[in-house]
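Below: the structure, in structure tokens.
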Amino acid sequence: MKIFKRILLILLIAFVAIQFVRPAKNVSTDKTKHISTLYAVPADVNTILTKACNDCHTNNTVYPWYASVQPVTWWLDDHIKEGKSHLNFDDYSTYSLRKQYHKMEEVVEQVKEKEMPLNSYTWVHRDAKLTDDERVALTTWAQSVMDTMKAHYPIDSLIRKRK
Ligand code: HEC
């Protein structure tokens, strides 16, 4: 029993200690490179992105209270960093045309296949679980961005030719 208590005490001390080590928060109000500076984002689509995607795919996360408790902070930080490295709506205007186009293809695919938003996210954020209508609205928008691009740029600047 004594060893048990000792382990418990060590765990408790470790838990308290890690509370002081935290990554910088993902917060920014800079929208100057946001996707909407290039392509129209209708209000209904913006609502969907805000509640279901932006926490991991922009430079601004709305943190729940428990995000301040370690090791949750690290776990969330990991998702946010990885999500942003794949797709960041706040950096969209810095992407090459090819990348912009391809990321919209990915949005259509990921949303259709219900890969996004991540399950671990919708368990907690129940309202981020998309309805069929919301999925259609989001994929139709992503497709319309691709169509706009196709109307403005030659296709080989958007898609690498398959040899
Ligand atoms: C909890 C964080 C989180 C949320 C919320 C989230 N994503 Fe993601 N997303 C990720 C992570 C992490 C990856 C990279 C790993 C993977 O594909 O699973 C990713 C990958 C993607 C990719 C693939 C990009 C590529 O280069 O292949 C797309 C597209 C995407 N997400 C779109 C969305 C959309 C649209 C939403 C909202 C409907 C959303 N995500 C919500 C974390 C998230």
Side-chain angles (χ1 to χ4, degrees), residues 18 22-150 152-153 155-162:
I18 62 173
R22 42 189 75 242
K25 281 199 166 172
N26 184 47
V27 274
S28 156
T29 51
D30 184 358
K31 291 285 164 196
T32 53
K33 299 191 232 46
H34 188 252
I35 186 167
S36 61
T37 61
L38 301 178
Y39 310 105
V41 182
D44 63 326
V45 171
N46 193 41
T47 304
I48 299 169
L49 292 175
T50 303
K51 71 171 181 175
C53 318
N54 286 357
D55 276 351
C56 304
H57 290 294
T58 71
N59 293 328
N60 195 51
T61 304
V62 179
Y63 289 90
W65 64 267
Y66 52 81
S68 309
V69 184
Q70 295 284 29
V72 179
T73 320
W74 285 325
W75 189 69
L76 295 183
D77 192 56
D78 232 44
H79 275 126
I80 295 166
K81 280 215 184 92
E82 210 200 324
K84 280 193 347 179
S85 75
H86 283 263
L87 169 67
N88 187 342
F89 290 119
D90 276 341
D91 280 343
Y92 218 79
S93 72
T94 66
Y95 289 178
S96 67
L97 287 176
R98 265 200 194 109
K99 188 166 174 184
Q100 290 176 16
Y101 189 85
H102 179 62
K103 293 300 165 181
M104 283 299 122
E105 276 181 329
E106 288 286 339
V107 168
V108 173
E109 197 180 305
Q110 300 274 337
V111 173
K112 268 202 182 135
E113 285 168 12
K114 305 190 182 173
E115 298 280 341
M116 286 289 147
L118 289 181
N119 280 335
S120 58
Y121 185 79
T122 52
W123 287 337
V124 182
H125 298 81
R126 311 297 304 187
D127 62 328
K129 216 173 161 62
L130 301 185
T131 64
D132 287 344
D133 284 351
E134 287 170 328
R135 255 191 293 279
V136 169
L138 200 51
T139 52
T140 306
W141 166 73
Q143 188 61 55
S144 80
V145 170
M146 289 160 69
D147 292 342
T148 306
M149 294 189 77
K150 276 195 272 193
H152 280 85
Y153 306 105
I155 193 70
D156 52 354
S157 65
L158 306 177
I159 304 169
R160 223 176 283 277
K161 282 232 174 71
R162 274 172 245 272

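In each ligand, atom 1 is the first atom listed, and ligand 1 is the first ligand listed.
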With sequence neighbours left out, what residues match S36 under side-chain hydrogen bond (donor to acceptor under 3.5 Å, both in side chains)?
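Per chain and number, S36 pairs via side-chain hydrogen bond (donor to acceptor under 3.5 Å, both in side chains) with H34.
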Please verify the inter-ring angle class for Y92 with F89; under 30° counts as parallel, over 60° as perpendicular, anything in between as tilted.
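Geometry flag for F89 against Y92: parallel rings.
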Hydrogens and angles aside, do N88 and N59 bring a side-chain donor and acceptor to less than 3.5 Å of each other?
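A donor-acceptor contact under 3.5 Å links the two side chains.
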Compute whether any side-chain donor of one residue and acceptor of the other, for T32 and D30, lie under 3.5 angstrom apart.
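Side-chain D/A pair, T32 to D30: present.
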Any Lys/Arg nitrogen of D132 or R135 sitting under 4.0 Å from an Asp/Glu carboxylate oxygen of the other?
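Yes, charged N to carboxylate O under 4.0 Å.
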One pair per line, please: each N/O atom of ligand 1 matched with every protein N/O atom under 3.5 Å away, atom names first, then the distance to 0.1 Å.
unit_1	atom_1	unit_2	atom_2	d
ligand 1	7 (N)	H57	NE2	2.8
ligand 1	9 (N)	H57	NE2	2.9
ligand 1	26 (O)	K103	NZ	2.4
ligand 1	27 (O)	E106	OE1	3.3
ligand 1	31 (N)	H57	NE2	2.9
ligand 1	40 (N)	H57	NE2	2.7

Test Y63 against every option in T73, V72, D55, I80 by the side chain to side chain contact (heavy atoms under 4.5 Å, CB included) rule and name the one that passes.
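The side chain to side chain contact (heavy atoms under 4.5 Å, CB included) with Y63 is passed solely by I80 among T73, V72, D55, I80.
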